[in-house]
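The next block holds one structure in the form of structure tokens; read it before the comments.
These figures come from a predicted structure and were not determined experimentally. One-based numbering, in listed order, for ligands and for the atoms of each.
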Amino acid sequence: MTHRLGSLCDEHYPPPRSIQQSAHVKSMEEYRLLYEESISQPEKFWKKLAENLYFKDPPGSGEDFLNYNFDANAGPISIQWMRTSSTNICYNALDYNVEKGLGDKVAFYWEGNHPNDEASITYQALLEEVCKFSNVLLKLGVKKGDKVAICLPMVVELVIAMLACTRIGAIHSIVFGGFSAGSLAERITDAKCTIIITADGVWRGKKLIHLKAIVDDAIERCVKAGFPVNQCVVLKHLPRVTSAVDVGVGNDISQVGWKQDRDLWWHDIMKDASPKCPVEWINGEDPLFMLFTSGSTGKPKGVMHTLAGYMLYSWATFKYSFDYQEDDVFWCTADIGWITGHTYVTYGPLLNGSTSVLFEGVPYYPDPGRFWAVIDKYKVSKFYTSPTAIRTLMKHGEAEVRKYSRSSLKILATVGEPINPEAWHWYNHVVGEDRCPIVDTFWQTETGGHVITPLPGATVTKPGSATFPFFGVVPAILDDNGAELSGECEGFLVFKKPWPGIMRTVYGDHERFERTYFRKFPGYYCTGDGARRDKDGYIWVTGRIDDMLNVSGHLLSTAEVESALVEDPCVAEAAAVAHPHPIKGECLYCFVTPVDGIPYTDKLEKELRDKVREKIGPFAVPDYLQYAPSLPKTRSGKIMRRILRKIAQSDPDLGDTSTLADESIVVLLQKNRVATA
Ligand code: WT7
């Protein structure tokens, strides 16, 4: 087949015969039958799948199996799956697999940031470490229902810490190590964690990140805000990595700030812990974990997932979307600090008894061939990464890829943002040599697992389309008035029914949960994304339609960035808009109005970039800042970001400008537009 870029909508890629033959779902007819059943008889469908997992008290029937209200006009939104069941996700991920004879199977190959650094751990060994850490947590006074903050690099101890929480019924709240102290503090206090687990530091590429220093700063901020974090467990990671040994840092404790009555070394408290720990049987609808995601207004939301539904859904999506087979070596490159890592580094793979790679590094260190080197080293068969990583590596050319055999690869998957056809083709043709199905999985922190995705043995794919709904998911596309569109159409992407993995609430703010996802279109869960349906029924997610943007697969709200900018005493007003970026997908273009009498200078620009880095994190730093003597507003004073987006993209067609209070500012901003890549 030859590939032509350009008008691609009608290009079709059927599943390769080799994948299809042994796949769990082998054809579209088979998919449709299963899908129909999952919608018309959800209890029957999901109960059969639940038989693959262990429940101490069974999933239940009727309303006990599934009970929900999706209609904000009919009362409070509530979603319950298997509410009278009891189970434990750690038991299912570890004990149950060991009992089935997988004790000696490798659970994770750990590949460090430096190619010299590697380790592996079996299911049996992981179980023992998890039990030890569960005992440690119990000894520190952590009880069922308590919240534990975790801020660790991509090391096996991160998986150990999260599983230990779930074993004893504690709720983990994992915060990505790339956040600033301020963002970290905000998340720890909002989640009401009193204990945090972290590490001395970590290398990311050539850069050393002093994690403990960031955490110390964050804890101080929590305490100042009247919120006591009185225990901090610290993993000594640096002394065991090559980069630290090479430059002689890591062993010197004086480099790690230490608070005697608060800080504990991981290795000290683990030393005498018993490798056996009983499982706490937990109700199916009890909280499992929370994970923060950006909100289009105000502070980040603590997305709450509960036990039984999330467990079943992460097991099922891993098995079907990646067509899991026993001899697979699976690699998801996402950090566990994001939902992708929760569901497809930790829970999905372990619940299926799979062997996976846990990667600490970055795609371009020590060189841009690293991904393919790791794939060859561990004979990775299923690979899951982001469009932004693909675009970064594309830039370095095909030769970097062709140096490696990649012959073990069977399926290539992506997540995080719409994949542009050019990147899709490169992934398919250069990386996969046209023999691996491309699985473009659409989902969100809120959905728990894939909601729109091809099944690799069944679905005929089209480059750039996430294709069809996963089992139990009923998508619809709505117009501005909330009417369902049929046939070929474009509008708001919503879901009509709950699937087991959907979030249950925003932690501590159920009202916000209802307002954010269910009030705009009563009766539907609103994703915040736009989508198009083509003549063959394929769904094409087109991107966010709210004031959110997606930088390298990380969601950010423009409000979050604006509030960081206006915190600077020199800034009167600021407006941030999403702007297309060749590698990151989207980046930030910000318009800044200084306070009267303050000049707009390079120094101010640098200060503002530092401010955003410090307030939110490095990934949020704006690519472009433009001086704005004032901002285009409606007569009622609302900033018209729609117009600012067009100005940033030098699109002369501004659309309807009749509500603008003052048109002259638009002309001025157009004239002084900053050149973009
Ligand atoms: C937003 C969710 C869930 C994993 C990572 C991000 C965008 C995600 C796709 C895809 C088009 C996608 C959407 C979504 N998104 N995957 N395959 N095609 N868009 O999780 O931070 O909760 O972000 O990412 O805009 O709403 P998240």
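By the 4.0 Å N-to-carboxylate-O rule, E488 lies too far from R533 to be salt-bridged with it. The pair K301-D190 does not meet the salt-bridge criterion, since no charged nitrogen lies less than 4.0 angstrom from a carboxylate oxygen. Between D323 and K410 there is no salt bridge, since no side-chain nitrogen of the basic residue lies less than 4.0 Å from a carboxylate oxygen of the acidic one.
Both the sub-6.0 Å distance and the 45° axial angle are not jointly satisfied by K496 relative to the ring of Y524.
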Could you list each N/O atom of ligand 1 together with any protein N/O atom closer than 3.5 Å, one pair per line with the distance?
{"unit_1": "ligand 1", "atom_1": "15 (N)", "unit_2": "G416", "atom_2": "O", "d": "3.2"}
{"unit_1": "ligand 1", "atom_1": "16 (N)", "unit_2": "G416", "atom_2": "N", "d": "3.1"}
{"unit_1": "ligand 1", "atom_1": "17 (N)", "unit_2": "D440", "atom_2": "OD1", "d": "2.7"}
{"unit_1": "ligand 1", "atom_1": "17 (N)", "unit_2": "T441", "atom_2": "O", "d": "2.8"}
{"unit_1": "ligand 1", "atom_1": "18 (N)", "unit_2": "E417", "atom_2": "O", "d": "3.4"}
{"unit_1": "ligand 1", "atom_1": "19 (N)", "unit_2": "P418", "atom_2": "N", "d": "3.4"}
{"unit_1": "ligand 1", "atom_1": "22 (O)", "unit_2": "T445", "atom_2": "N", "d": "2.8"}
{"unit_1": "ligand 1", "atom_1": "22 (O)", "unit_2": "T445", "atom_2": "OG1", "d": "2.6"}
{"unit_1": "ligand 1", "atom_1": "24 (O)", "unit_2": "G416", "atom_2": "O", "d": "3.3"}
{"unit_1": "ligand 1", "atom_1": "24 (O)", "unit_2": "N550", "atom_2": "ND2", "d": "3.3"}
{"unit_1": "ligand 1", "atom_1": "25 (O)", "unit_2": "D529", "atom_2": "OD1", "d": "2.6"}
{"unit_1": "ligand 1", "atom_1": "25 (O)", "unit_2": "D529", "atom_2": "OD2", "d": "3.4"}
{"unit_1": "ligand 1", "atom_1": "26 (O)", "unit_2": "Q444", "atom_2": "NE2", "d": "2.9"}
{"unit_1": "ligand 1", "atom_1": "26 (O)", "unit_2": "D529", "atom_2": "OD2", "d": "2.4"}
{"unit_1": "ligand 1", "atom_1": "26 (O)", "unit_2": "R544", "atom_2": "NH1", "d": "2.7"}

- [ ] Please report the C-alpha distance between E417 and R544 in whole Å, then the side-chain angles of each, then the deciding distance to 0.1 Å, and finally whether the salt bridge (Lys or Arg N to Asp or Glu O under 4.0 Å) criterion is met.
- [x] CA-CA 9 Å; E417 56 183 305; R544 303 295 306 184; over 6 Å; no

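The aromatic rings of W46 and W81 lie perpendicular to each other, with more than 60° between the two planes, well past the 30° mark.
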